[in-house]
Amino acid sequence: MAFYIQKYGGTSVGSTERIKNVARRVAKFHMQGHQVVVVVSAMSGETNRLIALAKEVQENPDPREMDVIVSTGEQVSTALLSMALMELNVKAKSYTGAQVQILTDSAHNKARILRIDEDNIRADLNAGFVVVVAGFQGIDEMGNITTLGRGGSDTTGVALAAALKADECQIYTDVDGIYTTDPRIVPEARRLKTVTFEEMLEMASLGSKVLQLRSVEFAGKYRVKLRVLSSFKENGEGTLITYEDSEEMEQAVISGIAFNRDEAKITVLGVPDHPGIAYQILGPVADANIDVDMIIQNVGHDGLTDFSFTVHRREYENTMKILRDKIQPHIGARDVTGGDRIAKVSVVGVGMRSHAGIASKMFRVLAEEGINIQMIGTSEIKVSVVVDEKYMELAVRVLHKAFDLDQEV
Ligand code: ADP
Ligand code: ASP
Ligand code: MG
């Protein structure tokens, strides 16, 4: 007998028919004698609908009230799934995040889980119930409803698995595992049997939305056995996230390609080239709580240089304003330019460490397609480039092919 946390995403619970399908799957595990805690997302499209409703009333919705609204989507799914389980003669009980007591900090819309009260869930499991928990939400110390950021139900699942010491956390979604890249962009993408935790962390942070970044961080911290599977396929082993040398690893140099359309690029032109300039530009940006991702300072000429960096697209206008109003006059830069139609494309692989030449191959392949590289960033296990958004899909496809990711290893 095993103890599973099973998380079902929005598409998997997208209609009452699909919820009944999830109930049948869960019931099967339950009948086999396993203990199951199910985490559900809102029905697909529901969170977007709720956000749009809020924006019809308040242009910049109040963060606390926004959480009250968007958390309702998951609550609906929990009750429907519990009912569907009851119809199959399975004892089931729904919980909101607050009812479990998933305690978070008070950062509305992007809260972090601090602690989970296990008592209620344990008692129900021992009494033979399937417990159905609303993903994406919690409660802060003052009793305010909080949510964990888009895609946050993954994190609820992993956090519950860590707190309750489940044997495995299974993320059921609309693809049957982690692929070499998003199969919606590259139909030839292959499912990976395993992916290392480090690679998954990079892929999630570089834009692969298949797992929320925080869920991967959480899994690493508590060594949660984490698997991604399809809720539509009857069988299949999905993709297992591995830690160090625990399982046999696919020894590919590159294991995946991630992409991200969420960034914008800003360039400060004609900056005096002297010590402290990066601090003078990025200090006020950081003070405004704006995260900066890639940074480039060009080689100076005639005592002047250009300085570029990227921020999240939703911070673009705000950052431009800070630069134009506060920084440009202060440091005497010639101009501030920018664009939010860029995309970041990254190749990721733990095998890269010992292989020089990945970057140059990447640059050659992009050059052959006439794709201009605007920025470059590297780490031990990834190379990222910023390109014009309109070339993103082409870049992903040609790189996928050039690195033989469509071939079995
Ligand atoms: P859910 O609603 O179940 O949480 P998501 O839409 O958040 O599902 O995540 C699943 C989607 O992630 C897939 O439909 C796929 O398009 C996308 N995706 C992006 N990168 C990858 C990848 N490397 N492997 C698999 N799926 C990916
Ligand atoms: N429903 C939330 C969202 O759409 C959380 C989730 O699905 O994981 O982002
Ligand atoms: Mg998701």
Side-chain angles (χ1 to χ4, degrees), residues 6-15 18 22 38-52 66-67 69-78 97 109-111 133-138 146-160 169-195 199-216 227-233 236 238-239 241 254-262 345-349 392-393 396 399-400 405:
Q6 301 191 332
K7 179 257 171 177
Y8 291 89
T11 320
S12 308
V13 295
S15 64
R18 288 189 172 172
V22 168
V38 187
V39 173
V40 281
S41 289
M43 296 167 82
S44 58
E46 182 61 6
T47 308
N48 288 343
R49 189 184 72 86
L50 293 168
I51 292 172
M66 186 62 134
D67 278 348
I69 294 177
V70 291
S71 61
T72 60
E74 270 69 14
Q75 188 172 337
V76 170
S77 302
T78 57
N109 315 158
K110 50 173 188 251
V133 177
F136 177 54
Q137 56 179 268
T146 54
T147 63
L148 311 177
R150 299 307 304 264
S153 300
D154 297 332
T155 302
T156 306
V158 175
L160 278 168
C169 179
Q170 303 176 331
I171 306 284
Y172 287 94
T173 182
D174 53 6
V175 282
D176 63 349
I178 306 292
Y179 276 64
T180 45
T181 193
D182 188 341
R184 284 186 219 216
I185 303 286
V186 184
E188 296 79 26
R190 275 184 318 109
R191 179 176 62 83
L192 301 164
K193 279 194 188 141
T194 61
V195 62
E199 287 169 327
M200 196 60 240
L201 196 63
E202 282 283 8
M203 279 167 67
S205 77
L206 293 168
S208 302
K209 294 190 173 101
V210 58
L211 285 177
Q212 196 198 33
L213 175 58
R214 277 208 191 144
S215 74
V216 185
R227 196 185 286 277
V228 176
L229 307 123
S230 165
S231 64
F232 299 108
K233 267 175 70 171
T239 302
I241 284 76
I254 301 298
S255 29
I257 299 180
F259 51 84
N260 181 355
R261 292 186 184 88
D262 294 340
V345 177
S346 312
V347 299
V348 176
M392 187 195 84
E393 294 195 9
V396 174
L399 289 169
H400 194 270
L405 290 176

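Each ligand, and each atom within it, is numbered from 1 in the order the structure gives.
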Identify the two heavy atoms, one from [X] and one from [Y], that lie closest to each other, and give their separation to 0.1 Å.
{"X": "Ser231", "Y": "Ser12", "answer": "OG-OG, 2.7 Å"}
{"X": "Gln6", "Y": "Gln170", "answer": "NE2-OE1, 2.9 Å"}
{"X": "Gly135", "Y": "Val39", "answer": "CA-CG1, 3.6 Å"}
{"X": "Ser215", "Y": "Thr155", "answer": "N-OG1, 3.1 Å"}

So which protein heavy atom does [atom] come closest to, and at what separation?
{"atom": "atom 8 (O) of ligand 1", "value": "Thr173 OG1, 3.1 Å"}
{"atom": "atom 4 (O) of ligand 1", "value": "Lys7 NZ, 3.0 Å"}
{"atom": "atom 25 (C) of ligand 1", "value": "Gly177 O, 3.4 Å"}
{"atom": "atom 7 (O) of ligand 1", "value": "Lys209 O, 3.6 Å"}
{"atom": "atom 6 (C) of ligand 2", "value": "Ser153 OG, 3.4 Å"}
{"atom": "atom 11 (C) of ligand 1", "value": "Asp174 OD1, 3.9 Å"}
{"atom": "atom 15 (C) of ligand 1", "value": "Asp182 OD1, 3.3 Å"}
{"atom": "atom 2 (O) of ligand 1", "value": "Gly10 N, 3.2 Å"}
{"atom": "atom 24 (N) of ligand 1", "value": "Tyr179 N, 2.8 Å"}

Suppose I only count heavy atoms of [X] and a 4.0 Å limit; which atoms of ligand 2 are within that range?
{"X": "Gly151", "result": "3 (C), 5 (C), 6 (C), 8 (O), 9 (O)"}
{"X": "Ser41", "result": "6 (C), 7 (O), 8 (O)"}
{"X": "Arg150", "result": "3 (C), 4 (O), 9 (O)"}

Under 4.0 angstrom from ligand 2, any heavy atom of Gln212? no

Below 4.0 Å from ligand 2: does a non-hydrogen atom of Gly152 turn up there or not? yes

Tell me whether Arg184 is salt-bridged to Asp174, with the criterion being a basic N under 4.0 Å from an acidic carboxylate O. yes

Does Glu46 approach ligand 2 within less than 4.0 angstrom via side chain, backbone, both or neither, non-hydrogen atoms only? neither

Under 4.0 Å from one or more heavy atoms of Arg184, ligand 1 contributes atoms 13 (C), 14 (O), 15 (C), 16 (O)

Between Asp154 and ligand 2, does any nitrogen or oxygen pair lie at a separation below 3.5 Å? no

So is Arg191 close enough to ligand 1, meaning a heavy atom under 4.0 angstrom away? no

With side-chain hydrogen bond (donor to acceptor under 3.5 Å, both in side chains) as the test, would you mind laying out the steps for Asp67 and Thr146 before giving the verdict? CA-CA 6 Å; Asp67 278 348; Thr146 54; 5.5 Å; no

